[in-house]
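Take a look at the structure below.
Atoms within a ligand are numbered from 1 in the order they appear, just like the ligands themselves. Note that the structure is predicted; figures quoted are calculated from it, not measured.
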Amino acid sequence: MSVSPNPQAPAESCPIRTMPEHVAFIMDGNGRWATSRGLPRTEGHRQGLEALRKTIRHAGKVGIRVVTIYSFSSENWNRPATEVSFLMGLLKRFVQRDLSELHEANVRIRVIGGRSDLEPGILALLEEAEDLTRKNTGLDLVVAFNYGARDEIVRATQHIAQRVKDGELSVEDISEDTLSQNLDTGGLPDPDLIIRTSGEIRLSNFLLWQAAYSEFYFCDLNWPDFDEAALDQALDCFCNRERRYGGVDAKAL
Ligand code: FPP
């Protein structure tokens, strides 16, 4: 699999200067994809993993540097036990089967989300993936697993408060950057583009802090149907957006 960022090959119609550096995905609609075909919901997740593989490969090819995937939210524990257990198994299979290929393709894996309540076997596997790929310099694959943005912000706040209590940081020195650096995503750029499939138009507790200036792209495809052409379409749309970050269009002055 060749997934190293290649800035020489952006999506065709996208001027290189506007190519998003970081694209985050809310991979929604696996269940609906399956039930509309009379299949068990788990089959939707299985096909969803195939769509994910295609997406990672294509993202690297068109020059995206960071891909974040919402693979299991802190609220997904509320699903039936059989589905939760299937998703845990799917993550294990993904890491076990794809890790060496991702490593060879120079992908660096980073996991975000709460770790304290993860099953030790899964935690060990995720940490192994991070350790093995830590020094890679290609695409950053950020796996949001057991992730909830509010939980992430609370954990970051607790860490900062502890540093103040220990005399390592003064209250006056707490800045936006302090919070950013203490989030699970510390050191990564904020997402330029967040894509959600399946026609749902909400963030669902995903990257709430980091999404302050993200562009959003919603499409009706269910995640298992998301493919290279769908990603190109989202990137084309992004290229035509004008990002002002609260300022005004220079041409309007
Ligand atoms: C949302 O669809 C999807 C998920 C909760 C899981 C996402 C998982 C994958 C795409 C497969 C890859 C997984 C791993 C762990 C690497 P939904 O089930 O909420 O769909 P629905 O809204 O139609 O019910």
Nearest-0.5 Å distance, CD1 of residue Ile122 to CG of residue Leu91: 5.5 Å
Numbered atoms and elements of ligand 1 in range of Leu49, under 4.0 angstrom, heavy atoms: 11 (C)
Flag, side chain of Asp227 to backbone of Ala230, donor-acceptor distance under 3.5 Å: yes
Distance filter under 4.0 Å to Trp223 heavy atoms, resulting ligand 1 atoms: 10 (C)
Contact check, Glu200 vs ligand 1, heavy-atom distance below 4.0 Å: no
Reported CG-to-CG distance for the pair Leu118 and Leu126, which is rounded to 0.5 angstrom: 6.5 Å
Nearest-0.5 Å distance, OG1 of residue Thr55 to CH2 of residue Trp223: 3.5 Å
Neighbour count above 12 (heavy atom, 6.0 Å) for Arg37 CZ: yes
Atom 4 (C) of ligand 1: nearest protein contact (heavy atom, Å): His45 CE1, 4.0 Å
Asn30 N/O to ligand 1 N/O under 3.5 Å: yes
Geometric class of the Trp77/Phe72 ring pair [parallel <30°, tilted 30-60°, perpendicular >60°]: perpendicular
Closest protein heavy atom (residue, atom, distance) for atom 16 (C) of ligand 1: Phe94 CD2, 3.8 Å
Selected option - heavy-atom contact closest to atom 15 (C) of ligand 1, from Val84, Leu91, Asp98: Leu91
Residue-ligand contact Phe72/ligand 1, heavy atom below 4.0 Å: no
From Thr137, Asn136, Leu102, residue fulfilling side-chain contact (heavy atoms from CB on, under 4.5 Å) relative to Arg108: Asn136
CD (Gln233) with more than 12 external heavy atoms under 6.0 Å: no
CD (Glu168) with more than 12 external heavy atoms under 6.0 Å: yes
Arg79 to ligand 1, any heavy atom closer than 4.0 Å: yes
Part of Thr35 within contact of ligand 1 (heavy atoms, under 4.0 Å): neither
Stepwise salt bridge (Lys or Arg N to Asp or Glu O under 4.0 Å) check, Arg65 with Asp140: CA-CA 6 Å; Arg65 206 180 67 70; Asp140 273 325; 3.5 Å; yes
Short N or O distance, Arg32 and ligand 1, threshold 3.5 Å exclusive: yes
Nearest non-hydrogen protein atom, atom 14 (C) of ligand 1: Ser71 CB, 4.0 Å
Distance, nearest 0.5 Å, that separates CG of Asn205 from OG of Ser74: 5.5 Å
Nearest-neighbour protein heavy atom for atom 3 (C) of ligand 1, which is reported as residue plus atom name and distance: Met27 O, 3.1 Å
Ligand 1 to Leu90 polar contact by distance, N or O atoms, under 3.5 Å: no
Heteroatom proximity flag, Asp28 to ligand 1, N/O under 3.5 Å: yes
Protein heavy-atom partner closest to atom 24 (O) of ligand 1 - residue, atom, separation in Å: Arg41 NH1, 2.9 Å
Sub-4.0 Å atoms of ligand 1 with respect to non-hydrogen atoms of Asn76: 5 (C)
Heavy atom of Ser198, distance to ligand 1 below 4.0 Å: no
